[in-house]
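Keep in mind that what you see is a predicted model, and the values were worked out from it rather than measured. Sequence lines set the chain letters: A, B, ... in the order given, protein chains first and strands last, and positions in each chain run from 1.
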Number of protein chains: 2
Amino acid sequence: MVDIAFGPSVVVQTAGEIKPGSKSEQAYTSIKARIVQGTFSPGYRLVLVKIAEDLGFSVVPVREAIRRLEAEGLVKFERNVGATVSGIDPTEYLYTMQTLSIVEGAATALSAPLIDSAAIARARAVNEEMRECLDHFDPVRFTALNQDFHSVLFEHCPNPHILDLVHRGWNRLASLRSSTFRFVPGRARESVREHEDLLQLIESQASADTIEHAARRHRAATLDAYLAQASAIPEPLPTSQEEKR
Amino acid sequence: MVDIAFGPSVVVQTAGEIKPGSKSEQAYTSIKARIVQGTFSPGYRLVLVKIAEDLGFSVVPVREAIRRLEAEGLVKFERNVGATVSGIDPTEYLYTMQTLSIVEGAATALSAPLIDSAAIARARAVNEEMRECLDHFDPVRFTALNQDFHSVLFEHCPNPHILDLVHRGWNRLASLRSSTFRFVPGRARESVREHEDLLQLIESQASADTIEHAARRHRAATLDAYLAQASAIPEPLPTSQEEKR
DNA sequence: GCAATACTCATCGTATACGATTTCGTACTT
DNA sequence: AAGTACGAAATCGTATACGATGAGTATTGC
């Protein structure tokens, strides 16, 4: 596993304690972790008092935490009704993936000129790990490695806002994936190949447009694979840059 | 002025009362409005107690509101220190504009196939109003009309997440503009022309790529104009899709 | 038996109070 | 005179308590 400097709102993987911080902070990371890991799956009812006594806190910090999660789109908070983990709707998955494809594409294109050969080597190492992972397939591990791969590329992304949007997308996606939406068989292998293609584009200093398009397609292809297998969605909205060809 | 269904987090323009809602809600909209309008300019220190007694509320709803604003990037909230309106840094303006150019581009491309002739007519009417506005130039009014114009285009945007990102960008931008960053002379006139170009692209059912690129350039050009006049920024980062031509 | 109304309970919303932390000013020392 | 240490004020952080609101349930009338 490559050592990566994660952004502020990246997926929480170590549930252990790092530092106390404020209780509001703790509540935030704790609840977020459970949502992302799937302990609180979409539709789960988050009752303030229950969570509060579960964590040993009062309700006020928990409220704050939930408000923050609401702003990130992970939960829905209705007045006098309560909070529920959002994203039962299949269209949520679609929108999240579509948005993610756009911001990841932009982030990759912005980062590409700043990626040095050492970083490319590290990214390639992660991708090889993913390739090895294909045989004994573990979705959780694969997803983690996938995020590692892209995190390496985004290491020197000049625009922190874009990066933040990527991280939010990843969190939402993790929340959705852990419950309803499953990996499409065979897609993982394609993904590894596309990663290699992407690295070569970056190495060859391809135009920003080319890289952006490739990165965007990389994510969009996963969505397409899902749409192709799951006909549960009534009328699939056009994934961007799709209908023209 | 065209009647537009604004999204949930769009710039607040009428400071009047709409409905009581929760006090947390009121505090949120109230503080947000002041930030966007420039009453609280970047760097302004938001003291919980002062705001609370100013609004006649307690501190708890105010805390919540500030947390939400923090999640939107409008304020920075440090533990045991307090909240300040974010965005004094010129790079903030750059990043915000860059991000906005990306999400607006995507939103326009996604919306384009769904825009009917009636909507185009309305957008054109707004643009004509902007043209008339050029003589007796009023930045506030011009910005409002500009948002109206794009809002018409985004009316049937299929992806609410993208739309949300656009609105957040607008809010951040308003916060920044009202203080440090001024309009670049002559840019407004170009903007009106680009709007017309954009409408013609949509009418002629140009490819999604073409429309996305045009919409992105539309925003990026404003950033370029700013960078060209203000040499305050040490080394301007490349705006996406820039360096290749 | 069904529907409409009233009631109760779970849960959220906010105020107040107090403890914790930081910051700033002041005095003392070198 | 400059730096440091101490202390007080300002501000944030959280707990507790109570009021408000909506949902679910029982009850009563038809």
Side-chain angles (χ1 to χ4, degrees), chain A residues 8-9 17-35 39-86 88, chain B residues 8-9 17-35 39-86 88:
Chain A
S9 68
E17 81 308 288
I18 296 92
K19 57 177 178 180
S22 66
K23 297 199 175 179
S24 152
E25 203 81 18
Q26 282 180 258
Y28 169 75
T29 51
S30 177
I31 299 172
K32 184 169 172 178
R34 298 194 202 187
I35 291 176
T39 313
F40 296 158
S41 47
Y44 188 91
R45 183 78 179 280
L46 299 170
V47 179
L48 293 182
V49 187
K50 287 182 70 177
I51 296 180
E53 67 185 19
D54 186 32
L55 294 171
F57 300 161
S58 171
V59 291
V60 179
V62 177
R63 272 186 71 85
E64 240 178 56
I66 288 186
R67 280 292 192 206
R68 283 218 265 168
L69 293 167
E70 183 196 22
E72 290 184 26
L74 284 175
V75 308
K76 187 157 167 262
F77 200 22
E78 283 174 298
R79 173 178 169 75
N80 286 325
V81 174
T84 53
V85 179
S86 64
I88 327 169
Chain B
S9 69
E17 82 306 288
I18 295 91
K19 58 179 178 182
S22 65
K23 296 198 176 180
S24 152
E25 203 80 19
Q26 282 179 257
Y28 169 76
T29 53
S30 178
I31 299 171
K32 184 170 174 177
R34 297 193 204 188
I35 292 176
T39 312
F40 295 158
S41 47
Y44 187 92
R45 183 80 181 279
L46 298 171
V47 179
L48 292 184
V49 187
K50 288 182 70 176
I51 295 179
E53 66 186 17
D54 187 32
L55 294 172
F57 300 160
S58 173
V59 292
V60 180
V62 176
R63 273 186 71 86
E64 241 178 57
I66 288 185
R67 280 291 192 205
R68 284 217 265 167
L69 293 168
E70 184 196 21
E72 291 184 26
L74 284 174
V75 309
K76 186 155 167 266
F77 200 22
E78 283 174 299
R79 173 178 168 76
N80 286 324
V81 173
T84 52
V85 179
S86 64
I88 327 168

query: Got a second to check how far Lys76(B)'s NZ is from Ile66(B)'s CD1, nearest 0.5 Å?
result: 14.0 Å

Dump every N/O contact between nucleotides 14-17 of chain C and the protein below 3.5 Å, one line per pair.
{"unit_1": "dT14(C)", "atom_1": "OP1", "unit_2": "Lys23(B)", "atom_2": "N", "d": "2.3"}
{"unit_1": "dT14(C)", "atom_1": "OP1", "unit_2": "Ser24(B)", "atom_2": "N", "d": "3.4"}
{"unit_1": "dA15(C)", "atom_1": "OP1", "unit_2": "Lys23(B)", "atom_2": "NZ", "d": "3.1"}
{"unit_1": "dA15(C)", "atom_1": "OP2", "unit_2": "Ser58(B)", "atom_2": "N", "d": "2.6"}

- line: Closest of dT11(D), dT21(C), dG13(C) to the Arg45(B) side chain is dT11(D)

task: Specify the separation, in whole Å, of atom NZ of Lys50(B) and atom P of dA9(D).
output: 18 Å

- request: Please report the closest heavy-atom contact between Ser86(A) and Pro42(A), naming both atoms and the distance.
  value: O-CB, 3.8 Å

query: What is the distance, rounded to the nearest whole Å, between atom CD of Glu78(A) and atom P of dG13(C)?
result: 11 Å

message: Please report the distance, rounded to the nearest Å, between NZ in Lys76(A) and P in dC12(C).
response: 15 Å

- prompt: Could Arg67(B) and Glu64(B) be called an ion pair, given the rule that one side-chain N must be under 4.0 Å from one carboxylate O?
  reply: no

- line: CZ of Phe40(A) to CG of Leu69(A), rounded to nearest 0.5 Å, is 10.5 Å

message: Applying ring-ring contact (aromatic ring centres under 6.0 Å, His included), can you list everything that pairs with Phe57(B), at least two apart in sequence or on another chain?
response: none

- prompt: Atom CG of Asn80(A) to atom P of dA23(D): distance rounded to whole Å?
  reply: 9 Å

message: Do the side chains of Arg68(B) and Glu25(B) get close enough for a salt bridge, i.e. N-O under 4.0 angstrom?
response: yes

message: Base, sugar-phosphate or nothing for Ile66(A)? Non-hydrogen atoms, less than 4.0 Å.
response: nothing

